[in-house]
Amino acid sequence: MGEAYELDGQLFTTVGEFLDAASHEYKHGDKDLAVQALEDYGFTLSDINAGGHGPHPISAKDEA
């Protein structure tokens with residue numbers, strides 16, 4: 001079974017979904033919560049392009 005990711009009580013079964021949720025949380029919610037969740041799974045802000053320059057690479061690949 002694959003890895004699951006948790007953010008604010010919600011479970012995500014793909015990296016892309018998790019990073020999308022973390023990006024949304026960072027931009028529109030609790031920045032600290034988003035950063036902590038990313039760090040818990042070994043990600044950084046650069047993984048969600050916190051600067052707002054488009055979707056993160058994993059999300060873009062998932063849609064292809």
Side-chain angles (χ1 to χ4, degrees):
M1 180 178 267
E3 187 167 352
Y5 305 88
E6 187 270 333
L7 175 65
D8 197 25
Q10 290 188 292
L11 290 178
F12 301 92
T13 57
T14 68
V15 172
E17 289 176 343
F18 170 72
L19 293 177
D20 285 343
S23 177
H24 184 270
E25 185 68 30
Y26 185 83
K27 293 175 184 173
H28 304 287
D30 185 341
K31 286 184 178 7
D32 292 332
L33 175 66
V35 170
Q36 185 60 54
L38 288 167
E39 290 176 353
D40 287 348
Y41 294 105
F43 297 107
T44 66
L45 286 177
S46 65
D47 292 311
I48 62 168
N49 283 338
H53 301 307
H56 55 77
I58 294 173
S59 176
K61 275 196 278 184
D62 284 350
E63 295 175 13

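Looking only at distances, a side-chain donor or acceptor of Tyr41 sits under 3.5 Å from a matching main-chain atom of Glu6.
Listed by chain and residue number, Gln36 satisfy the side-chain hydrogen bond (donor to acceptor under 3.5 Å, both in side chains) test with Asp40 (two or more places apart in sequence, or in another chain). Qualifying ring pair (Phe, Tyr, Trp, His ring centres under 6.0 Å) partners for Phe12, counting only residues two or more places apart in sequence or in other chains: none.
Closest heavy-atom contact between Asp30 and Glu25: N-OE2, 2.8 Å. Nearest heavy atom pair, residue Ala34 against residue Ala22, reads CB-O, 3.6 Å.
When Thr13, Leu38, Asp47, Ile48 are each tested for a side chain to side chain contact (heavy atoms under 4.5 Å, CB included) with Phe18, only one passes: Leu38.
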